[in-house]
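What you see below is based on every heavy atom in this structure, not just the backbone, and it leaves out hydrogens, waters and symmetry mates.
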Amino acid sequence: MEANEYLSLLNPEQKESVIHSGDGSEDLLILAGAGSGKTRVITTKIAYLISQKHVDPYSILAVTFTKKAADEMRERAVRLEPKAEYAQIRTFHSWGAYFLRKYHSEASAYFKSIYGKENGGYGVDKNFTVYDDDDMATLVSKAIPSIAKKEAALVAHKISLAKDYGLTPESESFSEIDAGEEFREQYTLYEKRLRQTGNVDFGDLILIPYLVLMNNADIRHRIHLRYRYVLVDEYQDSNRVQFLLLRELAGIDENAGVYICVVGDDDQSIYKFRGAEVQNILDFEKDFSKPRLIRLVRNYRSTPEILACANSVISNNEKRLGKTLEAQKKKGKIPVLAYLPNQDDETDFCSDLILNAHEKGVPFSDWAILYRTNAQSLGFESAFLRRKIPYQVVGTLKFYEREEIKDALAWISFLANPKNEIAFRRIVNKPVRGIGAVTQEKIVEACAAKSILENARSVKISKKAASGLEEFLSVAEELLSMLSKIAPADDEDKKSAGKLSDFVDALSKKSGLEEFHRSQDEIAGTQKVLNLEELANSAALYPCTMEGLLEFLDHIELDRALEDESSDGTDRVTLITLHNTKGLEFPRVIITGLEYGVFPRENKSGEELEEERRLFYVGITRAREQLYFTSCASRRMYGQTKYMTPSPFLSEIGKDEMRVVGDMPSSMQGDFDGENAVDPIAKKWRVGASVFHDDYGPGIISSGRMSEGEYVISVVFENGSVKKFLPKYQKALILIED
């Protein structure tokens with residue numbers, strides 16, 4: 001394609017970004033808003049540099065964060081300019097691996113200067129392999145034999161974090177990772193063992209190139225001659241060591257004349273938990289050579305009404321460079337905020353929306369349900385299966401296919417039928433109790449067609465295995481004792497029997513599953529414990545009896561059977577966490593669970609709350625045509641019904657920017673009632689607040705609303721009664737816990 005042809009397709013800001021080349025004296029920051037065509041800009045810029053500025057493609061390095069993004073960038077650039085095939089368009093880590101294979105000798109020389117040459121020397125082998133997380137944990141165990149396997153995985157995780165921050169065992173401070181000197185010793189032992197193997201771990205692919213460039217002037221000079229133009233996509237997702245590497249590639253301190261162009265959006269920095277550092281993009285103008293800042297604000301994805309919500313929300317963040325998205329699409333429908341009584345009503349509301357639209361010809365695939373945590377998918381999966389709405393869960397397994405859920409269900413199945421050898425094999429040695437496969441086989445054979453729970457103790461096994469088996473059987477017997485032996489005759493008896501959710505919660509704790517999966521959460525942030533809690537929540541509707549347990553299992557098996565019958569086609573609703581939506585877009589989006597404690601999570605403030613707000617902004621800007629929000633007055637959490645308050649983010653959207661349906665909580669009414677401020681009584685006597693009454697005891701405010709000019713609250717007391725009060729006149733009778 002001719003240059004004048006592809007340049008004509010760009011808007012003024014995009015074109016300015018493409019033709020800017022700095023001439024060695026000015027770098028460029030392209031602040032690219034959601035849906036503003038940043039991929040087109042960066043790929044067109046590569047083609048323009050080659051065809052119009054006559055830049056040798058061999059001297060261009062373009063890096064991004066995923067192989068998919070790198071492949072797309074390369075394909076689009078080559079389509080515009082065939083010579084772009086010779087530019088290096090890679091992921092950060094792919095380029096790091098390339099660098100280490102080319103300069104492995106220099107990397108080895110660096111490590112030998114630190115650790116010496118004893119024990120065969122230390123270094124990076126030309127034919128190195130890259131260790132993953134499991135390999136790292138194994139190597140930690142080998143380097144520190146006294147350490148437990150679970151602790152080894154945690155140490156390996158902290159080493160990865162240290163490398164993301166650009167820290168070596170010799171660094172002065174590890175305060176951001178671990179304040180103790182013990183970690184420095186562990187890191188040193190691991191690093192020496194790793195260097196002896198000649199292999200590298202994932203963090204080394206960025207850290208070692210940075211260390212070599214920083215400490216080897218000759219290699220640094222060669223790299224500056226080789227790469228005259230360095231382009232970085234999704235710069236807001238870069239971590240500390242990637243910033244340090246970019247500084248070395250730029251040769252800032254040596255006035256190397258390398259042109260640096262980064263493209264990113266500070267308002268979409270949502271991966272702090274993976275090490276991403278929003279400060280990198282915020283400080284770009286201070287850290288690089290007289291950079292130019294160009295804002296891409298023309299949004300081609302969403303309607304003006306959707307962008308109005310997005311702009312209102314994100315403007316509340318203080319740490320941002322600042323921009324306001326401008327819609328290029330025609331006027332659309334105003335977003336809808338639905339206040340709903342509980343999470344079951346939430347799933348019904350979403351199901352009705354989708355089915356009603358489908359009857360009018362809207363494909364299921366037009367819809368996406370967004371939520372803050374993976375655990376929230378369960379309610380939608382169950383509802384969609386029963387109402388025959390095909391769906392796909394993106395970025396994770398379906399709820400009942402997740403490891404931790406299979407573990408808990410195996411326990412429940414074993415307790416329901418102690419002859420269940422499949423369930424027994426899955427859980428008896430998880431966490432490790434010294435009962436290996438051979439011992440398990442011996443127990444199963446000896447207890448064939450009999451209760452393993454009643455007969456396993458008589459099987460002759462090693463002393464260590466017997467001790468572990470006794471621990472397992474004791475837990476199983478204790479859990480069974482929690483189940484009422486008598487089936488409740490009526491609803492009142494079911495209440496007195498307690499909730500099965502308490503039993504499932506106790507099972508997770510007493511079996512060791514919660515602690516086992518919590519340790520994995522610490523390392524991978526997989527939210528496995530939240531999924532176990534959601535399983536317990538789903539059991540809250542059943543009595544704590546064996547009959548209730550069996551009903552619960554039947555309900556789950558029904559869901560699984562419906563899942564098998566569901567459509568295999570591609571026309572499916574998407575269920576997805578907000579984090580996984582980055583880079584995606586959908587015609588119709590429903591952002592669910594907008595309550596304080598769910599989204600945002602509790603106890604978030606400062607920078608953490610700003611990241612939660614950016615996550616909300618990302619969710620809003622995924623919608624192309626229609627946008628919905630849902631917020632529940634109550635939600636089953638931790639096995640109990642908890643009364644919720646709406647997400648504070650909802651009050652940041654202007655009163656004219658949403659259409660509200662359902663019973664709006666009084667605490668929100670002032671935000672949508674024009675000039676009328678929120679009644680101070682309504683503010684104090686808010687939904688979810690704890691109260692105490694002399695006659696009825698402790699309770700929680702479940703609803704509050706204006707009625708004939710007076711503010712009325714409903715209170716659910718622990719004794720089960722529900723009473724209405726007029727706080728203005730009855731505050732002497734009922735106390736609120738401020």
Side-chain angles (χ1 to χ4, degrees), residues 267-278 313-314 316-319 337 339-340 342-343 346 369-380 395-396 399 402 404 505 508 514 517-538 575-582 590-620 622 629-653 665 667-668 686-690 700:
D267 291 334
Q268 295 189 74
S269 180
I270 59 173
Y271 295 126
K272 178 73 174 176
F273 67 96
R274 293 182 190 167
E277 183 51 73
V278 69
V313 167
I314 203 62
N316 288 273
N317 270 5
E318 294 181 4
K319 295 189 70 173
L337 166 59
Y339 286 112
L340 302 160
N342 56 56
Q343 65 205 74
E346 181 180 53
I369 307 286
L370 279 51
Y371 37 77
R372 180 63 179 80
T373 63
N374 280 320
Q376 290 169 258
S377 76
L378 175 58
F380 295 104
T396 186
F399 190 82
R402 297 168 193 170
E404 63 279 10
D505 183 57
S508 296
E514 183 179 292
H517 289 297
R518 190 183 301 281
S519 66
Q520 292 188 320
D521 280 353
E522 287 181 33
I523 296 167
T526 46
Q527 302 179 337
K528 291 176 180 285
V529 172
L530 287 177
N531 291 336
L532 288 171
E533 289 174 356
E534 189 59 31
L535 182 69
N537 291 337
S538 69
L575 300 180
I576 188 169
T577 65
L578 283 143
H579 278 104
N580 282 327
T581 62
K582 184 77 181 305
I590 310 174
I591 304 178
T592 62
L594 280 162
E595 304 107 37
Y596 178 74
V598 178
F599 188 30
R601 309 286 287 277
E602 286 186 6
N603 304 318
K604 297 287 187 182
S605 61
E607 291 185 11
E608 288 185 333
L609 184 61
E610 291 214 347
E611 176 145 333
E612 291 277 302
R613 188 178 284 111
R614 290 195 294 267
L615 187 58
F616 187 36
Y617 172 83
V618 166
I620 292 172
R622 300 310 95 193
F629 308 105
T630 62
S631 181
C632 298
S634 68
R635 188 174 289 274
R636 288 189 296 277
M637 300 181 74
Y638 317 114
Q640 298 178 336
T641 297
K642 183 176 179 181
Y643 292 95
M644 314 298 290
T645 55
S647 169
F649 297 152
L650 293 173
S651 64
E652 296 172 354
I653 300 175
S667 60
M668 296 289 290
R686 65 195 182 281
V687 174
S690 298
I700 293 177

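Residue K272 is tested with E277, E607, E611 for a side chain to side chain donor-acceptor pair (under 3.5 Å); the sole match is E277.
Between the CZ atom in F649 and the CD1 atom in I591 there is a gap of 11.0 Å [rounded to 0.5 Å]. Note that OG of S538 and CG of L535 are 4.5 Å apart. Values are rounded to the nearest 0.5 Å. Atoms NZ and CG, on K642 and N342 in that order, are 16.0 Å from each other to the nearest 0.5 Å. The CZ atom of R402 lies 4.0 Å from the OG atom of S377; values are rounded to the nearest 0.5 Å. Taken from CG in L337 to CD1 in I653, the straight-line distance is 7.5 Å, to the nearest 0.5 Å. Put simply, CG on L530 and CZ on R518 are 9.0 Å apart, with the number rounded to the nearest 0.5 Å.
Pairing each heavy atom of S269 with each of V278, the nearest pair is OG-CB, 3.4 Å. Of all the heavy atoms in S631 and L594, the pair that sits closest is OG-O, 2.8 Å. The shortest heavy-atom contact between A375 and F399 is O-CE1, 4.1 Å.
A donor and an acceptor atom, one from each side chain of N537 and E534, are located under 3.5 Å apart. Checking E346 against T630 by side-chain atom types alone, a donor-acceptor pair falls below 3.5 Å.
Side-chain atoms of P648 and P600, non-hydrogen and from C-beta on, do get closer than 4.5 Å to each other. Counting heavy atoms from C-beta on, the side chains of Y617 and I270 never come closer than 4.5 Å. No side-chain heavy atom of I590 sits under 4.5 Å from any side-chain heavy atom of F380.
For the side chain to side chain donor-acceptor pair (under 3.5 Å) test, no residue two or more places apart in sequence or in another chain qualifies with E610. Considering only residues two or more places apart in sequence or on other chains, K582 meets the salt bridge (Lys or Arg N to Asp or Glu O under 4.0 Å) condition with E234, D237. Under the rule for a side chain to side chain contact (heavy atoms under 4.5 Å, CB included), the partners of A276 that lie at least two apart in sequence or sit in another chain are Y271. Checked against salt bridge (Lys or Arg N to Asp or Glu O under 4.0 Å), E533 has no partners two or more places apart in sequence or in another chain. Considering only residues two or more places apart in sequence or on other chains, R622 meets the salt bridge (Lys or Arg N to Asp or Glu O under 4.0 Å) condition with none of them. Contacts of E595 classified as salt bridge (Lys or Arg N to Asp or Glu O under 4.0 Å), with partners at least two apart in sequence or in another chain: R635.
Checked against a 6.0 Å centroid threshold, the rings of F629 and F616 count as neighbours.
Checked for salt-bridge contact, E652 and R613 meet the test: a charged N lies under 4.0 Å from a carboxylate O. With respect to the salt-bridge test (charged N to carboxylate O, under 4.0 angstrom), the residues E612 and R372 qualify. A salt bridge is defined here as a Lys NZ or Arg NE, NH1 or NH2 lying under 4.0 Å from an Asp or Glu carboxylate O, and K528 with E514 fails to meet this definition.
Remark: side-chain polar atoms of Q527 are paired, donor with acceptor, to backbone N or O of N374 under 3.5 angstrom. Although no hydrogens or angles enter the test, the distance criterion places a donor-acceptor pair under 3.5 Å between the side chain of N316 and the main chain of V313. Formation of a donor-acceptor pair under 3.5 Å by the Q376 side chain with backbone atoms of T373 is found in this model. Looking only at distances, no side-chain donor or acceptor of T645 sits under 3.5 Å from a matching main-chain atom of Y596. Between the Y371 side chain and the I576 main chain, a donor and an acceptor come within less than 3.5 Å of each other.
Using a 30° and 60° split on the angle between ring planes, F273 and H579 fall in the perpendicular class, above 60°.
Under a cut-off of 6.0 angstrom, the local environment of CD in E602 is crowded, with over 12 non-hydrogen atoms contributed by other residues, nucleotides or ligands.
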